[in-house]
Amino acid sequence: RAVPWVRLLLSSPGKGSAPAPSLGGREVIGSVAAGAAVVFAAVAVVGSSIAALIALAICIALSLWINRDLYRWFIRKRGFAFASQAIPLHFSYQLVSAAAVPLGVAMYVAEPWLPSSGNAGVGSRALGRFAPLAGGEIVSRVIAFAATAYLARKLGTSGFGQIAFAAAVVAQFGTALAAGISEVGSREVARQPERVREIAAGASLARLLGAVAAISVVLALSLLLPVDPTMRKVTALSSLFLIPLALDTGWVYKGLGKTRRLGWGLLVDQVLSLVLIVLFVHDATSVTKVPVVQAIGDMSAALFLAWPILKGRWKWPGTTSVKELPRQAGIITISRSLRTIIVSFDVILLGLMVKTSDVGLYSAAYRIVFFVMAIMYASHVAFLPEMMRDGEDARGMSAILSRAVALSVAVVLPFVVGGCLIAPALMTLIFGGDYRGGATALQFLLVSVLLIAIHGTTRNIFLATGHLGTETKIVA
């Protein structure tokens, strides 16, 4: 029941229509506090952390305080014994609400890609089509995080820093290949399914040509940058990742609404990569094997997805097909590339300025921050449809922005405060004792997430009002 309610909130009427359902600020904060309490409880039990216990107590106290009027009403109507039984049930309700938000938002965002005919059974068909993708995405992210934790422990801070530096260098070019074309390509495939192979072939060739050029630049940088020989070799090998990225046709399946194979493709990639990492990476001397085995996993997933689309029907795309999507995706590609620079260029600078072990500590802290940012981005998406509807109303847009900022901060704040309190224990629990020194970096990065929470909501205004070009100039 919670997931359909979230979707109803997102698709509620705009200004001038019937009253829209809504969640109060207290309900949102209470649900976030309940979810954070479970996280801190797990850290307290596994890591025996006093700071985690303090954070847990703060979250429980916040939840009780937010709902104090309701609990007083329980006591007044039925007595203390009844309230003592009702409060745990209400806490469970808040946990369900917190869990339903990301799933409901994800399903709502996926609806444009899910074909439907008529009203009957649309919800069940949408769920049936989206569930494989959602399941594959969630499980693959868990597997990827487990692989990261394994690598951090086996390679040590220095080896992990070398991998992080190389990944940051390659990411500057990978985003330009993946972003923009995939988003515009999904839209075009949904609009023109009869041209699916022509669009897929043209976009893949364009991205492959871009990958060849990007690999050449990465190889040149690996020779020119003032880094040690091992990092130079790891950076050069990491450029192999750009080939499967260029050949990835997951965006085609999104446009067609055929998500089952895409979900399996995500699992094939991460499971194979994890197996190869466990088999071949045993200590810091294996650091150069990491980009190779990851590229093998990525390429296997790319071929798994591309084969049903192009097998036996390959037709060399014309010049128009190759240029079509890159031309349409220009502004999106530039915007995403600039954001990639903001997010990852600090790792490159650190790699040139400090020891690789320090880069490893910083990068490990960043992995935890990415988790918090993923939750934050879900709250940003929640208000985008409403901004789209009221894009011409400045007063209405201002009210929506105020609510969006409040929700985003309310969602992130418990993780920021709690994470800062238990940072040393959290780094030790996930990555090992050698990474305890990255706690300070984690604390500063978590504080910066608050600023990103505000910035992300304002970006939706540019998107809703059709001023992405202006937003791109501001980012630049």
Side-chain angles (χ1 to χ4, degrees), residues 144-145 147-178 211 213-242 245 277 281 283-295 298 336-371 373 423 427 430-432 434-446 448-449 452:
F145 193 82
T148 299
Y150 176 88
L151 285 175
R153 291 173 178 269
K154 292 296 182 179
L155 297 178
T157 56
S158 182
F160 192 70
Q162 292 171 338
I163 293 295
F165 175 85
V169 172
V170 174
Q172 309 305 312
F173 306 93
T175 302
L177 290 175
I215 291 173
S216 301
V217 176
V218 172
L219 292 177
L221 289 174
S222 66
L223 296 174
L224 297 174
L225 292 175
V227 295
D228 62 77
T230 302
M231 185 180 288
R232 182 173 288 113
K233 187 175 182 180
V234 171
T235 302
L237 290 173
S238 295
S239 65
L240 294 172
F241 164 75
L242 295 172
L245 180 63
I277 286 172
V281 180
D283 51 42
T285 61
S286 307
V287 65
T288 55
K289 299 179 182 178
V290 175
V292 176
V293 298
Q294 289 180 330
D298 293 340
R336 295 296 179 86
S337 297
L338 290 174
R339 290 181 177 279
T340 300
I341 293 174
I342 293 174
V343 172
S344 60
F345 198 70
D346 51 353
V347 177
I348 298 177
L349 290 178
L350 286 175
L352 300 175
M353 297 168 59
V354 301
K355 297 182 297 183
T356 54
S357 57
D358 294 328
V359 179
L361 294 176
Y362 182 80
S363 301
Y366 232 133
R367 295 302 187 274
I368 299 175
V369 172
F370 283 148
F371 169 77
M373 292 174 65
M427 292 291 291
I430 297 175
F431 301 110
D434 292 341
Y435 290 85
R436 191 178 184 88
T440 302
L442 175 59
Q443 291 166 334
F444 278 104
L445 289 171
L446 285 172
S448 71
V449 172
I452 300 175

Side chain to side chain donor-acceptor pair (under 3.5 Å) filter on S448, not counting sequence neighbours, yields none
How many angstroms lie between CD in Q162 and CG in D228, if you round to the nearest 0.5 Å? 5.5 Å
Does a side-chain heavy-atom distance below 4.5 Å link V227 with T235? no
Could you tell me the separation between the CZ atom of R153 and the OG1 atom of T148, rounded to the nearest 0.5 Å? 12.5 Å
Between D283 and L155, which heavy-atom pair has the shortest distance, and what is it? O-CD2, 3.5 Å
Testing the basics here: between S239 and V170, what is the closest heavy-atom pair and its distance to 0.1 Å? N-CG2, 3.9 Å
List in chain and number order the residues that pass side chain to side chain donor-acceptor pair (under 3.5 Å) with R436, two or more places apart in sequence or in another chain; answer none if no residue qualifies. T428
Applying side chain to side chain donor-acceptor pair (under 3.5 Å), can you list everything that pairs with S158, at least two apart in sequence or on another chain? T356
Taking the side chain as C-beta and beyond, is there a heavy-atom pair between S363 and V347 under 4.5 Å? yes
I'd like to know whether F165 forms a side chain to side chain contact (heavy atoms under 4.5 Å, CB included) with L350, so could you lay out the CA-CA distance, the side-chain angles of the two residues, the decisive distance to 0.1 Å, and finally the verdict. CA-CA 8 Å; F165 175 85; L350 286 175; over 6 Å; no
With heavy-atom distances below 4.5 Å as the criterion, would you say the side chains of F173 and L221 are in contact? yes
For the student: nearest non-hydrogen atoms of A365 and G438, plus distance: CB-O, 3.8 Å
With sequence neighbours left out, what residues match S344 under side chain to side chain donor-acceptor pair (under 3.5 Å)? Q172
What pair of heavy atoms forms the shortest contact from T288 to K233, and how long is it? CG2-CD, 3.9 Å
Minimum heavy-atom separation for V359 to G161, with atom names? CG1-O, 3.6 Å
Measuring only between side-chain heavy atoms, which start at C-beta, is D346 closer than 4.5 Å to Y366? yes
Qualifying residues under side-chain contact (heavy atoms from CB on, under 4.5 Å), relative to A236, sequence neighbours excluded: L219, S222
Do V287 and V234 come within less than 4.5 Å of each other through their side chains, counting heavy atoms only? yes
Is there a side chain to side chain contact (heavy atoms under 4.5 Å, CB included) between L446 and L442 once you walk through the steps? CA-CA 6 Å; L446 285 172; L442 175 59; 3.9 Å; yes
OG1-OH distance between T440 and Y362, expressed to the nearest 0.5 angstrom: 13.0 Å
Does the side chain to side chain contact (heavy atoms under 4.5 Å, CB included) test come out yes or no for L245 and D298, once each step is laid out? CA-CA 7 Å; L245 180 63; D298 293 340; over 6 Å; no
Test side-chain contact (heavy atoms from CB on, under 4.5 Å) applied to Y435 - qualifying residues, sequence neighbours left out: A152, T157, F160, L361, A364, M427, F431
Run the numbers on L151 and Q294 for side chain to side chain contact (heavy atoms under 4.5 Å, CB included), then give the verdict. CA-CA 12 Å; L151 285 175; Q294 289 180 330; 4.1 Å; yes
